[in-house]
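The structure appears right after this line, and notes come after that.
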Amino acid sequence: MSGEVIARLAVSLDGYIAGPRSGREYPLGVGGERLHSWVFGLRTFRRMQGLEGGTGGPDDELIAEHVERPGAVVMGHGMYVTGEIPWGEEPPFHLPVFVVTHHPRESVVKKGGTSYHFVTEGPQRALELAREAAGERDVSLAGGAELVQEFIRNEWLDELLLHVVPVLLCGGRRLFDHLGHEHIEWRRTQVLDSPEVTHIRLRRVDTPA
């Protein structure tokens, strides 16, 4: 039995997951680091970066759960390109990562168990390969926005965990653009409110056949 497809994304109040001018110079866009500042001091995040210490509590427990569930990762080419340099020689995934791209290349193996596999046959094929690699564990969808939108359009995404940060970015990459549906419904299964962020866990509601 295969696991589920899950995604975890930090988002601004006005719906952006990256600020303006996102790219190699600004991997999260101008001002986009603010969406993730709440996580930097958490014990789980620091452990993923090879660091010691950090704080525990409900925020950390939520992140730890999401980190432990996947057996493989799917991401878009843009996210790989902007993240490759900041992640360095030991990326934080520690899993097989399937990169959806138009640029064929050989797989890349990094320290710590992360391996990148470049899939030119499209998102559905990347998901199939990730499911095979994950076995009974979940597949984590890492982004970017366009790939998440495609997974939502095709009803491939089972669970979406949003970290809503009280900031307006007023530009950048918006999460819920270009969905092409008149109605998409999610069921709220968890809300966790913290001083810096509100976590909302959503489950996809199947549309009638």
Side-chain angles (χ1 to χ4, degrees), residues 1-10 17-18 21-29 32-33 35-36 39-40 42 44-51 63-161 163 173 175 178 204:
M1 180 178 178
S2 61
E4 296 188 317
V5 182
I6 60 177
R8 181 180 69 82
L9 298 159
I17 62 172
R21 296 168 57 193
S22 60
R24 284 188 178 272
E25 184 177 1
Y26 301 102
L28 298 174
E33 294 86 355
L35 297 179
H36 304 273
V39 80
F40 295 149
L42 297 182
T44 297
F45 177 82
R46 291 181 60 83
R47 185 177 69 246
M48 291 172 63
Q49 307 300 317
L51 304 172
I63 297 301
E65 177 209 339
H66 199 277
V67 168
E68 291 166 2
R69 288 174 58 181
V73 178
V74 175
M75 72 169 58
H77 177 77
M79 182 172 179
Y80 172 77
V81 169
T82 58
E84 185 178 19
I85 294 175
W87 291 327
E89 287 302 311
E90 190 167 351
F93 303 103
H94 313 295
L95 294 169
V97 179
F98 296 88
V99 181
V100 180
T101 180
H102 297 296
H103 308 282
R105 57 179 292 186
E106 296 295 321
S107 296
V108 176
V109 178
K110 298 283 190 175
K111 294 179 181 178
T114 298
S115 57
Y116 294 107
H117 309 277
F118 302 90
V119 183
T120 57
E121 299 92 344
Q124 187 170 17
R125 179 57 178 159
L127 178 57
E128 291 171 355
L129 294 171
R131 285 192 185 278
E132 292 175 9
E136 296 184 359
R137 298 176 69 187
D138 294 334
V139 172
S140 176
L141 178 60
E146 292 85 358
L147 190 61
V148 175
Q149 290 158 12
E150 183 151 3
F151 270 60
I152 292 174
R153 284 196 302 269
N154 288 284
E155 299 186 348
W156 297 336
L157 185 62
D158 298 301
E159 180 181 288
L160 177 60
L161 177 58
H163 309 295
R173 294 189 179 271
L175 179 57
H178 314 301
R204 178 173 57 86

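These figures come from a predicted structure and were not determined experimentally. Because only heavy atoms are used, hydrogens play no part in the values below, and waters and symmetry mates are left out as well, while side chains stay in.
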Criterion side-chain contact (heavy atoms from CB on, under 4.5 Å) on Glu159 and Arg69, from CA distance to verdict:
CA-CA 12 Å; Glu159 180 181 288; Arg69 288 174 58 181; 2.8 Å; yes
Determine whether His178 and Glu146 make a side-chain contact, defined as any pair of heavy atoms from C-beta on separated by less than 4.5 Å.
no
What closest approach, in Å, do Gln49 and Pro92 show between heavy atoms, and which atom pair accounts for it?
NE2-CB, 3.9 Å
Within a strict 4.5 Å, meaning less than it, do heavy atoms of the Tyr116 and Arg105 side chains meet?
no
Rounded to the nearest 0.5 Å, what separation is found between the OG1 atom of Thr82 and the NE2 atom of His77?
9.5 Å
Nearest heavy-atom pair of Val5 and Arg131: which atoms, and what distance?
CG2-NH2, 3.3 Å
Distance from Glu106 atom CD to Phe118 atom CZ, nearest 0.5 Å?
10.0 Å
Please determine whether a side-chain nitrogen of the Lys or Arg among Lys110 and Glu90 lies less than 4.0 Å from a carboxylate oxygen of the Asp or Glu.
no
More than 12 heavy atoms of other residues, nucleotides or ligands under 6.0 Å from CZ of Arg173: yes or no?
no
Spatial distance of atom NE2 (His66) from atom CG (Asp138) [nearest 0.5 Å]:
8.0 Å
Can you name the nearest heavy-atom pair linking Pro91 to Thr114, along with the distance?
O-OG1, 3.5 Å
Mind checking whether Phe151 and Val74 have side chains closer than 4.5 Å, heavy atoms only?
yes
Glu4 side chain vs Val139 backbone, donor-acceptor pair below 3.5 Å:
no
What are the two closest heavy atoms between Val100 and Gly122, and how far apart are they?
CG1-C, 4.1 Å
Expected output: side-chain His94 to main-chain Gly112 donor-acceptor under 3.5 Å
yes
Where Gly143 and Val148 come nearest, the two heavy atoms and their spacing:
CA-CG2, 3.9 Å
Between Met79 and Val99, is the side-chain contact (heavy atoms from CB on, under 4.5 Å) condition met? List the steps.
CA-CA 9 Å; Met79 182 172 179; Val99 181; over 6 Å; no
For Ala142 and Val73, which heavy atoms make the closest approach, and how far apart are they?
CB-CG1, 3.8 Å
Spacing of Leu141 atom CG and Leu147 atom CG [to the nearest 0.5 Å]
5.0 Å
Given side chains that start at C-beta, do those of Ile63 and Arg8 come closer than 4.5 Å, heavy atoms only?
yes
What's the verdict on side-chain contact (heavy atoms from CB on, under 4.5 Å) for His163 and His36, showing C-alpha distance, side-chain angles and the deciding distance?
CA-CA 9 Å; His163 309 295; His36 304 273; over 6 Å; no
Interatomic distance, Leu51 atom CG to Arg46 atom CZ [nearest 0.5 angstrom]:
4.5 Å
Interatomic distance, CG@Leu9 vs CG@Leu35, rounded to 0.5 Å, equals 10.5 Å
Test: Arg125 and Glu128 ion pair at under 4.0 Å
yes
Kindly indicate whether the side chain of Arg204, heavy atoms from C-beta on, has any atom under 4.5 Å from the side chain of Leu160.
no
